[in-house]
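Heads up: the structure comes next, in structure tokens.
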Amino acid sequence: MDTPVLQTAEALEKIRADLAAGRPCHLVVTGGSMVPFLRHKKSAVVLTSPTPPYRRGDILLYLRRSDWCILHRVVRVQKDGTLVMCGDAQTAPEIIRPEQVVAQVSHVRHGAKITDCRAWYLRTAVALWMALRFVRRPLLAAAEWRSAREIPISVLCF
């Protein structure tokens with residue numbers, strides 16, 4: 001059976017309906033901004049209702065003012081409650097308001113392996129990677145990964 005590909009508006013509708021019904025939503029990752037932890041069409045995530053307070057390293061699905069759904073990581077929570085977000089393959093952070101958050105990632109799937117985002121080893125690896133923010137591009141280039149250009153989420157729900 002083919003995986004349905006949904007555009008942003010209908011994907012948001014499905015995600016919000018699933019979360020409102022208490023069901024997690026599964027999403028195949030599109031785009032390269034979260035490399036090396038999430039790979040374009042090779043990684044999937046389990047989305048749950050957002051549960052503040054958010055912590056450094058949490059992955060959130062949020063809606064940009066441009067109506068793009070973005071899946072990025074929390075770099076910092078500021079005193080006024082705004083969130084500083086950045087993709088794992090990027091160096092330029094962006095600031096969002098908490099009301100822009102649609103969902104939170106609870107688990108990551110690579111093939112048959114499912115990892116809880118609270119797992120100590122994943123959080124340790126993420127913390128190390130986040131500390132290397134300003135040398136990410138050369139590291140990724142050296143590893144011959146694809147560029148970190150953003151692609152609007154065409155949500156692949158299954």
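Predicted model only: the values in this text are computed from it and were never measured.
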Inter-residue atom distance H72.NE2 - Q90.CD, 0.5 Å rounding:
4.0 Å
Kindly compute the distance separating CG (L83) from CZ (R56), expressed to the nearest 0.5 Å.
13.0 Å
Please round to the nearest 0.5 Å and tell me the distance separating atom CZ of R123 and atom CG of L128.
13.0 Å
Report the distance from atom SG of C86 to atom CE of M34, rounding to the nearest 0.5 Å.
9.0 Å
Does any non-hydrogen side-chain atom of H40 lie less than 4.5 Å from one of T30?
yes
Measuring from T82:OG1 to E99:CD, what's the distance to the nearest 0.5 Å?
10.0 Å
Of all heavy-atom pairs between V108 and C117, which one has the smallest distance, and what is that distance?
CG2-SG, 3.8 Å
Of the non-hydrogen atoms in V74 and M130, which two are nearest, and what is the gap between them?
O-CE, 3.3 Å
Taken to the nearest 0.5 Å, the spacing of R97 CZ from Q100 CD works out to 4.5 Å
Looking only at non-hydrogen atoms, find the nearest pair between L47 and L19 and report the distance.
O-CD2, 3.6 Å
Test side chain to side chain contact (heavy atoms under 4.5 Å, CB included), reference Q104, set T51, V45, L61, I59, output is T51
Pairs involving residues 73-90, ordered by first then second residue, that meet salt bridge (Lys or Arg N to Asp or Glu O under 4.0 Å) (sequence neighbours left out):
R73-D88
Heavy-atom closest pair (G81 atom, P98 atom, distance to 0.1 Å) is O-CG, 3.2 Å
Looking at every non-hydrogen atom in both residues, tell me the closest pair between A119 and T115 and how far apart they are.
CB-CG2, 4.3 Å
